[in-house]
Protein chains: 2
Amino acid sequence: MSAPATPARPARRHDPGRRDRLVDTALDVIAERGVTAATHRAIARAADVPLGSLTYHFDSLTDLLAAAFSRHVDTVAARFDERMRAAPDRAAALEILVEHLTGDLLGSPRDLVLAVELYVAAARNPALRAVTQDWMSRSRRSLERHLDPVNAREVDALVEGLVLHSALSTDPMDAAQIRSALRRLAG
Amino acid sequence: MSAPATPARPARRHDPGRRDRLVDTALDVIAERGVTAATHRAIARAADVPLGSLTYHFDSLTDLLAAAFSRHVDTVAARFDERMRAAPDRAAALEILVEHLTGDLLGSPRDLVLAVELYVAAARNPALRAVTQDWMSRSRRSLERHLDPVNAREVDALVEGLVLHSALSTDPMDAAQIRSALRRLAG
DNA sequence: GCTCGATGTGTACGCTTGTTCTCATGAGCG
DNA sequence: CGCTCATGAGAACAAGCGTACACATCGAGC
């Protein structure tokens with residue numbers, strides 16, 4: 001046998017789009033095991049690429065994490081803004097927000113975890129704080145399509161708290177409770 | 001000279017209360033440099049004790065961090081509950097809450113940072129999640145002295161979100177805004 | 001078809017980490 | 001006093017980390 005039937009690694013020389021794939025894989029690792037476990041080696045293993053490949057494509061681990069979070073924020077913020085833009089009026093906007101919270105966010109543990117992990121990472125890493133602030137400002141701007149700036153800020157804070165509670169508490173609030181609270185605060 | 005004039009370390013053999021001091025020092029390190037920087041060595045250096053002393057007094061680093069956060073939660077929760085207990089009625093309770101948020105929490109970066117660091121640590125460490133849940137439930141119970149359970153929960157979520165925003169955002173809300181939002185939600 | 005620069009690979013280095021281990025010490029008790 | 005054992009001290013270890021680097025490989029332009 002000059003060539004093994006099933007090589008352990010497919011010898012992926014010339015792998016265009018690897019950079020992109022690394023960003024996605026990094027996000028997966030963060031979601032599954034947390035930002036502190038998102039090491040070069042863990043991401044390399046998950047993406048099935050050699051260790052050196054990471055430092056070739058990204059100057060540092062922080063760069064890679066920033067790229068990953070940045071992509072995630074882009075995705076979520078764009079989706080949210082699209083929905084808010086489609087709302088005909090304030091009442092509809094609030095209902096969409098409830099749907100967004102209870103359906104998407106609380107429904108998919110992944111996004112919830114990623115949100116908290118971003119807070120975590122940003123709390124100590126200045127390079128990632130820019131991503132968090134981008135997220136906060138885009139979220140607020142979306143809300144401002146139907147709420148005045150001050151109110152948008154209040155609602156945003158409540159949403160952030162609900163997310164945190166849902167992630168860390170044992171018994172999260174249900175859709176009806178969230179709707180009721182949002183209506184009162186946005187009243 | 002058989003004995004140096006100023007020994008680098010006072011040879012603190014028999015140091016009763018060292019365990020307590022280690023817990024406090026751990027909290028200081030967490031507040032100043034974050035929970036990820038709170039290593040055995042960092043805490044030992046800050047407390048001016050040898051490295052081995054930490055694993056002697058605490059089975060593991062997690063144990064030490066849990067003890068530290070637990071003590072902090074005790075302090076803050078007790079202080080908060082005392083104030084809420086002293087409130088004659090609902091309106092006064094809300095005002096005290098505003099004071100608590102704007103004065104104590106947002107006034108002292110230390111408590112704010114510790115709150116976020118606890119979220120961070122609990123997000124990944126199951127042993128610390130118990131401390132977070134203890135904090136959340138005590139905070140809610142204090143609020144329930146003047147608010148019904150459902151409302152207490154809503155207010156608690158808003159407070160959590162406000163804390164997070166204050167810690168990570170560039171322009172925190174002022175006391176008047178916070179008061180207004182709390183009044184509306186607790187209405 | 002050859003060269004050259006971009007990309008991929010694998011190893012190594014220096015460092016920090018949590019934890020363990022052995023030995024020294026001295027306070028409390030008979 | 002003398003014993004004993006909880007406590008203190010400091011060195012050591014294995015593991016994991018980010019990063020750097022030397023070498024292989026291949027696509028594209030001449």
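These numbers were taken from a predicted model, which means no experiment stands behind them. Throughout, protein chains are lettered first and strands after them, A, B, ... in sequence-line order, and every chain is numbered starting at 1.
Contact annotation for B:Leu54: no contact, since no heavy-atom pair falls under 4.0 Å across all strands. Looking at heavy-atom distances under 4.0 Å, B:Thr55 makes contact with a base.
A:Asp48 has its CG atom 13 Å from the C1' atom of C:dG8, to the nearest Å. Rounded to a whole Å, the CZ atom of A:Arg41 is 12 Å from the C1' atom of C:dC15. Going from atom CG of A:Leu51 over to atom C1' of D:dC23 covers 16 Å, rounded to whole Å. Rounded to an integer number of Å, the gap from CZ of B:Arg21 to C1' of D:dG8 is 12 Å. Taking atom CG of residue A:Leu61 and atom C1' of nucleotide C:dC15, one finds them 16 Å apart after rounding to whole Å. Going from atom CG of B:Asp15 over to atom P of C:dG26 covers 14 Å, rounded to whole Å. Distance CG (B:Asn125) to P (C:dG18): 13 Å, rounded to an integer number of Å. Taking atom CD1 on B:Ile43 and atom P on C:dT17, their separation rounds to 11 Å, with Å as the unit.
A salt bridge does not link A:Arg90 with A:Asp148: none of the charged nitrogens is closer than 4.0 Å to a carboxylate oxygen. We find that A:Arg141 and A:Asp81 are not joined by a salt bridge, their nearest charged nitrogen and carboxylate oxygen being 4.0 Å or further apart. Comment: A:Glu99 does not engage A:Arg83 in a salt bridge, judged by the lack of any side-chain N to carboxylate O separation of less than 4.0 angstrom.
A search for ring-ring contact (aromatic ring centres under 6.0 Å, His included) contacts involving A:Phe80 returns A:His100, not counting sequence neighbours.
In this structure, the nucleotide among C:dT9, C:dT19, D:dG8 sitting nearest to the side chain of B:Arg18 is D:dG8. Side-chain atoms of B:Pro50 lie closest to D:dG10 of the nucleotides D:dG18, D:dG10, C:dG18. Closest to the side chain of A:Tyr56, out of D:dT7, D:dT19, C:dG8, is C:dG8.
Between its two ends, the helix from C:dG1-D:dC30 to C:dG30-D:dC1 turns its axis by 0°, counting five pairs per end and rounding to 10 degrees.
Within a 6.0 Å sphere centred on CG of A:Asp174, other residues, nucleotides and ligands contribute more than 12 heavy atoms. For B:Arg183, the CZ atom is loosely surrounded, since the number of other residues' heavy atoms within 6.0 Å does not exceed 12.
In this structure, A:Asp89 contributes its side chain and A:His146 its backbone to no donor-acceptor pair below 3.5 Å.
Under 4.0 angstrom from either OP1 or OP2 of C:dT16 there lies no side-chain N or O belonging to B:His40. Contact annotation: B:His57 reaches the phosphate of D:dG8 (side-chain N/O to OP1 or OP2, under 4.0 Å).
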